[in-house]
There are 2 protein chains.
Amino acid sequence: MATPDTRTQILDAAERLFAEHGYRGTSVRAITTLAGANLAAVGYHFGSKAELMAAVARRVVEPLNAAQCARLDEALARTPDPLVSDLVEAFVGPLFDEMRAGEEGGARTSRLIVMILSDPAEEVRGWTGPREDAVGERYLAAFARALPGLSPEELRFRMRGILAVTAVDRLGTHQRPVPGCTPPVGGEAARQWAITFLTAAMSAPPTRT
Amino acid sequence: MATPDTRTQILDAAERLFAEHGYRGTSVRAITTLAGANLAAVGYHFGSKAELMAAVARRVVEPLNAAQCARLDEALARTPDPLVSDLVEAFVGPLFDEMRAGEEGGARTSRLIVMILSDPAEEVRGWTGPREDAVGERYLAAFARALPGLSPEELRFRMRGILAVTAVDRLGTHQRPVPGCTPPVGGEAARQWAITFLTAAMSAPPTRT
DNA sequence: GATTTATTCATACGTTCGTTTCATTCAAGC
DNA sequence: GCTTGAATGAAACGAACGTATGAATAAATC
């Protein structure tokens, strides 16, 4: 196993510490110490702590979005009007795939995503490109076809619900451990539960006004 | 309008700033400046920044839990086996009530709750008492009666989903504004959407294993 | 082997942080 | 009027932070 270069080791350490302690709760010193690198290495390889955060976020989110896009393409190749359950599975599937990989790196990855979505520090959300929006819009259009009669506003509300459930699902490590229940839910069971839960939620008839 | 005492003004300022910038992103100096108080007032009235955070969290969460408890009591007084939709409404209702009150203080309150649930700083979650767990357990038991055949693990998964959807719903301010859609969804509409969404999700048949 | 280029290193700078100290103010209680 | 206690004020403390600097080192090019 070849030792990865300093830049990669810093990215790995930063990904882990950002996920565990948040952006502001992680110091550059802690990152470089964990990475076995010098303090100045962050400035040299990334420019600043904020740009390091952006690099970490990109490395995590980009393959995820690509997978979501690919699965949507597959579903649309099968039929122009996929079922709601197929769309849900295509959307949340990659998030759970990422979780299985690495046994512990998965939960870390999803905690990092939650952190990216919820951290109030503007440095955390200032990294994104137009790609991420495009994926969401594609799914929005697909769901709109599968759920006629749903107003655009309510559809958008429901899609935010998908993100909330899949993200917060794995937030558990932050939470207090639930007594008498295994908190680190098995990956495959949670995936199926999420699909059941979200398919039923998305398929609900429009709220009468 | 009588001027509130320093302690209350500090609580108000801290609640607002913690909600906007998180625990670590808010300095004691910023709080006391906004409150029009002296820097040392936090140490005098609360002991430390962490204990101030605890006081803020208590002041926000306790009436919310009390309202959730009261609504569950009402539902159980009507019938020993309430509908899933009634349980959902009793659980998420108080969160949306809090939102309407104050027009702008409501969104702030829910952002603070998201912050409490997702902030990695242990000072933020070290305040809680046994009360909050008790409310969750009561709802868990009520949902278990209304949804026979659902395994305890999947039920717990779904209840976490409720919390995720209601909380993240109002996270929008952190997010990038969605072009072509009004991001600050009207309070009453969102409440009904959430009930529709979550009732359907909770009522889904158990995932076959 | 000398020169150049890319990293790594130790160290320091200036700022901001939470907290503490101690003097001061001010309203009651006697 | 004097004392007591709570509350506020101005100032400082040490620690930790992100960043910048310039020397040292390793690797590649000629």
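In what follows, chains are A, B, ... by sequence order, proteins preceding strands, each numbered from 1.
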Next item on the list: Assign Thr26(A) to base, sugar-phosphate, or nothing according to its heavy-atom contacts below 4.0 angstrom with the strands shown.
Entry: sugar-phosphate
Output the rounded distance in Å from [atom1] ([X]) to [atom2] ([N]).
| X | N | atom1 | atom2 | result |
| --- | --- | --- | --- | --- |
| Ile10(B) | dG18(C) | CD1 | P | 13 Å |
| His21(A) | dC17(D) | NE2 | C1' | 16 Å |
| Tyr44(A) | dA24(D) | OH | P | 18 Å |
| Arg24(A) | dT15(C) | CZ | C1' | 14 Å |
| Phe46(A) | dT7(C) | CZ | C1' | 14 Å |
| Leu39(A) | dT8(C) | CG | C1' | 12 Å |
| Glu123(B) | dT19(C) | CD | P | 9 Å |
| Asn38(A) | dA6(C) | CG | P | 19 Å |

Next item on the list: Using a strict cut-off of less than 4.0 Å between a Lys/Arg side-chain nitrogen and an Asp/Glu carboxylate oxygen, indicate whether Arg71(B) and Glu74(B) qualify as a salt bridge.
Entry: no
Next item on the list: Run the salt-bridge test on Arg24(A) and Asp119(B) with the 4.0 Å N-O cut-off and return the result as yes or no.
Entry: no
Next item on the list: Ignoring backbone atoms, test whether His45(A) places a side-chain nitrogen or oxygen under 4.0 Å from the OP1 or OP2 oxygen of dA6(C).
Entry: no
Checklist line | N or O in side chain of Thr6(B) less than 4.0 angstrom from dT8(D) OP1/OP2 | finding: yes
Margin query: Whether the side chain of Lys49(A) engages the backbone of Val42(A) through a donor-acceptor N/O pair (distance < 3.5 Å, no angle test) should be reported.
Written below: no
Notebook entry, point to check: Do Trp127(A) and Val56(A) come close enough that some side-chain heavy atom pair is under 4.5 Å?
Noted result: no
Item checked: Ser27(A) or Gly47(A), whichever maps to the more 5' nucleotide of DNA chain D -> Ser27(A)
Among [options], find the nucleotide with the atom closest to the side chain of [X].
| X | options | result |
| --- | --- | --- |
| Ser48(A) | dT7(C), dT19(D), dG18(C) | dT19(D) |
| Ala40(A) | dA10(C), dG18(D), dT20(C) | dA10(C) |
| Arg29(B) | dT19(D), dG18(C), dT7(C) | dG18(C) |

Note to self: Distance check, rounded to the nearest 0.5 Å: Ser118(A) atom OG versus Arg111(B) atom CZ?
What the structure shows: 12.5 Å
